[in-house]
Amino acid sequence: MAAFSHPLARKAKVWSSVAAGKKSHGVLVIVTTLALDPKSKKFKAEKVERLSTVATEWLSFNQDKASEFVLVNRTRDW
């Protein structure tokens, strides 16, 4: 499996997810510094869309590892 990599992604990893009473499946968790809230002044739809498109393409080639993805912001240390 090729690891997910993209300039807009700071880190990515496949995590197991289990729904109530169902079989586990992989979720590609992508950490980014992009603003993900469309209401934010810093939100850039074209960059979020570009990252989402690449993640969807990665999933199509790695169906045995993950079936979906989620974009998350990195946690900030104060």
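Keep in mind that this is a model prediction, so the values were computed, not measured.
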Not counting sequence neighbours, which residues clear side chain to side chain contact (heavy atoms under 4.5 Å, CB included) with [X]? List them please.
X   : result
S17 : H25, V27
K11 : V31
A9  : F4, H6, I30, L51
S52 : V48, F69, L71

#### Entry: Inter-residue atom distance R50.CZ - L34.CG, 0.5 Å rounding
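Reported value, rounded in 0.5 Å steps: 9.0 Å.
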### Task
Kindly compute the distance separating CD (E49) from OG1 (T56), expressed to the nearest 0.5 Å.
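Those atoms lie 8.0 Å apart.
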### Message
Connecting only ILVMFWY residues whose side-chain heavy atoms lie within less than 4.5 Å of each other, what is the rest of F61's hydrophobic cluster?
### Response
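Joined to F61, directly or through intermediates: none.
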### Query
Do you know the tightest heavy-atom contact between W58 and A66?
CZ3-CB, 4.2 Å
### For the student: nearest non-hydrogen atoms of R10 and T33, plus distance
NH2-OG1, 3.6 Å
### Task
May I ask whether V29 and V54 are part of the same hydrophobic cluster, defined by side-chain heavy atoms of I, L, V, M, F, W, Y residues being less than 4.5 angstrom apart, directly or through others?
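No, V29 and V54 fall in different hydrophobic clusters.
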### Query
Linking I/L/V/M/F/W/Y whenever any side-chain heavy atoms sit under 4.5 Å apart, do V70 and V14 land together?
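No, separate clusters.
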Name every donor-acceptor pair, under 3.5 Å, that has one atom in a side chain of residues 35-43 and the other anywhere in the protein, sequence neighbours excluded.
from, atom 1, to, atom 2, distance (Å)
D37, OD1, K39, N, 3.0
S40, OG, K42, N, 3.1

